[in-house]
Amino acid sequence: MAESTEVRNLVYLVTGGCGFLGEHVVRMLLQREPRLSELRVFDLHLGPWLEELKTGPVQVTAIQGDVTQAHEVAAAVAGAHVVIHAAGLVDVFGRASPETIHKVNVQGTKNVIEACVQTGTRFLVYTSSMEVVGPNIKGHPFYRGNEDTPYEAVHKHPYPCSKAQAERLVLEANGREVRGGLPLVTCALRPTGIYGEGHQIMRDFYHQGLRLGGRLFRAIPASVEHGRVYVGNVAWMHVLVARELEQRAALVGGQVYFCYDKSPYKSYEDFNMEFLGPCGLRLVETRLLAPYWLLMLLATLNALLQWLLRPLLLYAPLLNPYTLAVANTTFTVSTDKAQRHFGYEPLFSWEDSRTRTIRWVQAMEGSAQ
Ligand SMILES: NC(=O)C1=CN([C@@H]2O[C@H](COP(=O)(O)OP(=O)(O)OC[C@H]3O[C@@H](n4cnc5c(N)ncnc54)[C@H](O)[C@@H]3O)[C@@H](O)[C@H]2O)C=CC1
Ligand SMILES: CC(C)CCC[C@@H](C)[C@H]1CC[C@H]2[C@@H]3[C@H](O)CC4=CC(=O)CC[C@]4(C)[C@H]3CC[C@]12C
């Protein structure tokens, strides 16, 4: 943890602080925010790793709570200077109902905003998503786009719908008067597909590859590019913008920023192979065996099975019509807005991000090597 002579007088709250991204935000705050005096980590499920953080100079307060419960959120927010709202239900596989997704992502965000207003917390950073923009249901490519690139954002799936609504609420709340009379300052960060230590889907692909004798089968053409961003850089962007919200309120307040770094543009599968390859997996070319119409048929079949089996069990494979459409549509960002507005530069180079992720995969039980 960073040693510093700066006065420690700031209280931060991270919702979803025990999730994949949340844990990195929590650790990054402890390392890179020298003015931190207390860090509140709010989550439905608290991680045991929080205990080891409680020995440093910052008071780490673990709060088991639910963002859908307004009173729990208000109690956690009271007295905090900054809220980083990363809690969310990330589900594009049909595990949760649309109502639950809406409740957590939209009502939960409303609760966070109202808690800020009622208790006098002035700074709110929201973890939004690229999914707020696209890919849209028409499969239009978004190629090297930035925050101002025109794009027909049409959503039907509950997850992007909920993220779009929540983001709008956060941005509209910018400037609202909070308790004490000062204005609320908000902004939203939109990560593209996040990767790095703790990434559940990467874990799933790795284990699937092991089960298939060290092979993964290409489903998506290599020409379809996906924007990916390293979790450490996403966390760093949150820490940096939270720090700058007060000084640059007029510029940053009410703004959206894509989260980006120097990770290469590649197809989803080729990008994953950057980490899984060095861990002993190989990607087998099966494009001729699995043309798009066949994948679509399988995806539709999966959706049908999910619906039929729902009364008996939860069937939620990675492949469904929505994930196929996302995976099969180019979506890449190219922007420097965060750099211009609050001086963001990626903390981790691509080489560093890659090495860290490979080490994490290698450390997983049952490494293929
Ligand atoms: N994983 C990705 O590629 C991307 C994620 N995001 C966003 O980043 C945020 C974090 O996502 P991940 O870390 O990937 O997901 P995650 O599922 O690992 O983390 C979300 C955390 O929120 C907590 N949570 C869920 N419901 C809650 C509730 N009702 N009350 C309190 N806590 C609750 C979960 O327990 C979990 O710890 C989400 O808002 C997500 O929409 C945005 C873009 C890409
Ligand atoms: C076997 C299939 C053909 C391919 C499966 C890959 C998919 C599971 C993933 C491809 C693209 C991913 C999404 C993308 O990274 C954008 C996202 C942003 C978020 O905010 C949440 C996660 C996700 C929707 C991510 C989910 C998995 C993919 C669909």
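Only this structure's heavy atoms are used, side chains among them; waters, hydrogens and symmetry mates stay out. We're numbering straight along the sequence, starting at 1. Whatever order the structure lists them in is the order used to number ligands and atoms, beginning at 1.
For A86, the heavy-atom gap to ligand 1 drops under 4.0 angstrom. Distances from ligand 1 to the non-hydrogen atoms of G65 include at least one value under 4.0 Å. At least one heavy atom of Y159 sits closer than 4.0 Å to an atom of ligand 1. Within the structure, the closest approach of S128 to ligand 1 falls below 4.0 Å when heavy atoms are considered. Residue contact check for ligand 1: I201 places no non-hydrogen atom closer than 4.0 Å to it.
Looking only at protein heavy atoms, the nearest one to atom 29 (N) of ligand 1 is D66 OD1, 2.8 Å. Closest protein heavy atom to atom 13 (O) of ligand 1: L21 N, 2.8 Å. At the shortest separation from atom 25 (C) of ligand 1 among protein heavy atoms lies G88 O, 3.4 Å.
Selection from I194, V132, N105 by nearest heavy atom to atom 1 (N) of ligand 1 gives I194. Heavy-atom proximity to atom 34 (C) of ligand 1, evaluated over V73, L44, D43, is greatest for D43.
At least one donor-acceptor pair closer than 3.5 Å links the side chain of H157 to the backbone N or O of Y159. The backbone N or O of L212 lies less than 3.5 Å from a partner atom in the side chain of R215, making a donor-acceptor pair.
Stacking of K337 on the aromatic ring of Y257 is recorded, both the 6.0 Å distance cut-off and the 45° axial limit being met. Stacking of R354 on the aromatic ring of F275 is not recorded, the 6.0 Å distance cut-off and the 45° axial limit not both being met.
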Just the distances, no angles: every ligand 2 N or O to protein N or O pair closer than 3.5 Å, one line each.
{"from": "ligand 2", "atom 1": "20 (O)", "to": "S129", "atom 2": "OG", "distance (Å)": "2.7"}
{"from": "ligand 2", "atom 1": "20 (O)", "to": "Y159", "atom 2": "OH", "distance (Å)": "2.7"}

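A donor and an acceptor atom, one from each side chain of S37 and Q59, are nowhere located under 3.5 Å apart. For the 3.5 Å distance criterion, the side chains of D352 and T355 fail to qualify, holding no donor opposite an acceptor. If you check the side chains of Q200 and R203, you find a donor sitting under 3.5 Å from an acceptor. Counted by atom type alone, Q306 and N302 present zero donor-acceptor pairs between their side chains at under 3.5 Å.
Neither the backbone nor the side chain of T15 has a heavy atom within less than 4.0 Å of ligand 1. Contacts between V104 and ligand 1, counted as non-hydrogen atom pairs separated by less than 4.0 Å, involve the side chain only.
Each of the following atoms of ligand 1 lies closer than 4.0 Å to a heavy atom of C18: 37 (O). Listed by number with element, the atoms of ligand 1 under 4.0 Å from a non-hydrogen atom of S129 are 42 (C), 43 (C). Close approach of ligand 1 to K163 is summarised as follows: ligand atoms under 4.0 Å from at least one heavy atom of the residue are 38 (C), 39 (O), 40 (C), 41 (O). Atoms of ligand 1 lying under 4.0 Å from at least one heavy atom of V90, given by number and element, are 11 (O), 15 (O), 38 (C), 40 (C), 41 (O). The atoms of ligand 1 that sit less than 4.0 Å from any heavy atom of T127 are 7 (C), 8 (O), 9 (C), 39 (O).
Checked by distance only, ligand 1 and V67 come closer than 3.5 Å through their nitrogen or oxygen atoms.
R27 is not listed as a side-chain neighbour of H24, based on a closest heavy-atom distance of 4.5 Å or more.
One finds a salt bridge joining R35 and E33 here, because a Lys/Arg side-chain nitrogen approaches an Asp/Glu carboxylate oxygen to under 4.0 Å. Remark: E225 engages R144 in a salt bridge, criterion side-chain N to carboxylate O under 4.0 Å.
Taking SG from C279 and CZ from R359, the interatomic distance works out to 11.5 Å, rounded to the nearest 0.5 Å.
The aromatic rings of Y230 and F348 sit perpendicular, their planes meeting at an angle over 60°, well past the 30° parallel limit. Using bins of under 30°, 30° to 60° and over 60° for the plane-to-plane angle, the ring pair Y344/Y260 lands in the perpendicular bin.
Of all non-hydrogen atoms in A87 and G16, the two that sit nearest each other are CB-N, 3.4 Å.
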